[in-house]
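Start at 1 with the first residue, then count along the sequence.
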Amino acid sequence: MAALFIAGFIAGCSDGKPAYDYAIPKKICNVSVATSDVKPLLPPGKSVKEDPSESLTRPGESKSCGVIVDERPDLSVSISRQGGELDIAEKAADKYIDLKRVSLGGGVTSAAVGDDGAVAWMKCTPKPGQRQYEFPKTKEGKYGHLALEVHAGDGIRKPDNIEEWRAHILQFLRAYVPELVKVWCV
């Protein structure tokens, strides 16, 4: 009887869907994000790890994190403080495939989603204790904006339905930006 139960349990688990044998990250670059917004951008696999890096010469100015599934980078996020206004959707057009503008509202002044990622430029006054200026000694280059760049799929995985894939990237962007602002901005 126990063998029959175990066989039925195993058969029920192998429903033909690829297995996610790892925990979906709940934070990327120390920014909270719902696993339901991350999972569609990650492939099935056995293991996941985050590979963070931060500017050692100017800590708090920029941060990059890669989410690596089975030793392959599948999602990367880069955050950087900026001084002035910029149309990132226009500037990043050559770094992404078929980048199209989207509206995120709030303090986001420019955003776009492509087949392989997304970008956003937002107003952001650093919190007290965070780096305020590009050149702190002379108090020049006051930071007032934040740039976010997201790369998904690392160009390796070609989705069957590109519109659905882009919708997942947009959903991640919509979920990530407000949480990013909570961590990096007043």
Side-chain angles (χ1 to χ4, degrees), residues 18-56 58-82 88-89 91-92 95-97 99 102-127 129-131 143 145-157 159 162 164-186:
Y20 286 79
D21 293 338
Y22 58 85
I24 305 296
K26 294 180 181 177
K27 283 191 171 193
I28 298 175
C29 278
N30 294 325
V31 175
S32 296
V33 63
T35 57
S36 60
D37 295 322
V38 178
K39 186 176 180 179
L41 300 180
L42 298 178
K46 300 272 183 219
S47 67
V48 68
K49 66 181 177 181
E50 185 178 49
D51 182 20
S53 66
E54 188 168 7
S55 170
L56 297 176
R58 297 182 186 185
E61 187 174 66
S62 66
K63 188 167 188 138
S64 295
C65 301
V67 178
I68 300 166
V69 177
D70 293 344
E71 305 302 322
R72 187 182 75 215
D74 280 291
L75 179 64
S76 66
V77 172
S78 296
I79 306 158
S80 62
R81 295 204 182 278
Q82 302 293 325
I88 199 166
K91 277 290 196 196
K95 293 171 71 176
Y96 294 85
I97 299 168
L99 200 62
V102 295
S103 177
L104 298 181
V108 179
T109 58
S110 175
V113 172
D115 293 355
D116 53 350
V119 293
W121 190 272
M122 62 212 79
K123 293 178 183 173
C124 175
T125 301
K127 291 181 175 186
Q130 293 178 337
R131 192 177 181 95
Y143 290 126
H145 293 84
L146 203 59
L148 170 65
E149 295 184 55
V150 178
H151 289 276
D154 197 32
I156 296 168
R157 181 170 42 145
I162 197 68
E164 182 180 358
W165 176 249
R166 290 172 69 95
H168 290 310
I169 295 171
L170 177 58
Q171 179 57 37
F172 175 84
L173 189 65
R174 287 189 189 283
Y176 195 81
V177 166
E179 296 301 317
L180 173 64
V181 169
K182 287 179 189 176
V183 175
W184 283 66
C185 312
V186 174

Practice item. Check the surroundings of atom NZ in Lys123: do more than 12 heavy atoms from other residues, nucleotides or ligands lie under 6.0 Å from it? Key: no
Which atom of [X] lies closest to which atom of [Y], heavy atoms considered:
| X | Y | value |
| --- | --- | --- |
| Cys124 | Leu146 | CB-CB, 3.8 Å |
| Val48 | Ala23 | CG1-O, 3.3 Å |
| Val186 | Pro126 | CG2-O, 3.2 Å |
| Ala147 | Gln82 | CB-CG, 4.0 Å |
| Ala89 | Ala111 | CB-O, 4.0 Å |
| Ile28 | Cys65 | CG2-CB, 4.4 Å |

Exercise for review: Report the C-alpha distance between Leu41 and Trp165 in whole Å, list the side-chain angles of each, state the deciding distance to 0.1 Å, and finish with yes or no for side chain to side chain contact (heavy atoms under 4.5 Å, CB included).
Suggested key: CA-CA 8 Å; Leu41 300 180; Trp165 176 249; 4.0 Å; yes
To the nearest 0.5 Å, what is the distance between [atom1] ([X]) and [atom2] ([Y])?
| X | Y | atom1 | atom2 | value |
| --- | --- | --- | --- | --- |
| Asp37 | Glu179 | CG | CD | 10.0 Å |
| Arg166 | Asp116 | CZ | CG | 9.0 Å |
| Ile68 | Leu42 | CD1 | CG | 11.5 Å |
| Lys91 | Leu99 | NZ | CG | 14.0 Å |
| Arg174 | Ile169 | CZ | CD1 | 13.5 Å |

So do [Y] and [X] actually touch side chain to side chain, heavy atoms under 4.5 Å?
| X | Y | answer |
| --- | --- | --- |
| Tyr20 | Val69 | no |
| Leu173 | Val177 | yes |
| Lys63 | Asn30 | yes |
| Val77 | Glu149 | no |
| Pro25 | Glu50 | no |
| Val150 | Leu75 | yes |
| Tyr96 | Asp115 | no |
| Ser32 | Lys182 | no |

**Study point:** Lys/Arg N to Asp/Glu carboxylate O, Lys46 vs Asp70, below 4.0 Å
**Key:** no
Review point. Among pairs that include at least one residue of residues 27-36, which meet salt bridge (charged side-chain N to carboxylate O under 4.0 Å, His left out), considering only residues two or more places apart or in two chains?
Key: none
Point to revise | Evaluation steps, side chain to side chain contact (heavy atoms under 4.5 Å, CB included), between Val113 and Phe172 | key: CA-CA 11 Å; Val113 172; Phe172 175 84; over 6 Å; no
Point to revise | Partner of Ser64 by side-chain contact (heavy atoms from CB on, under 4.5 Å), out of Ser80, Ser76, Cys29, Ser78 | key: Ser78
Point to revise | Residues Leu148, Trp184; criterion side chain to side chain contact (heavy atoms under 4.5 Å, CB included); working and verdict | key: CA-CA 11 Å; Leu148 170 65; Trp184 283 66; over 6 Å; no
Exercise for review: List the steps and the verdict of side chain to side chain contact (heavy atoms under 4.5 Å, CB included) for Leu180 and Met122.
Suggested key: CA-CA 10 Å; Leu180 173 64; Met122 62 212 79; 4.2 Å; yes
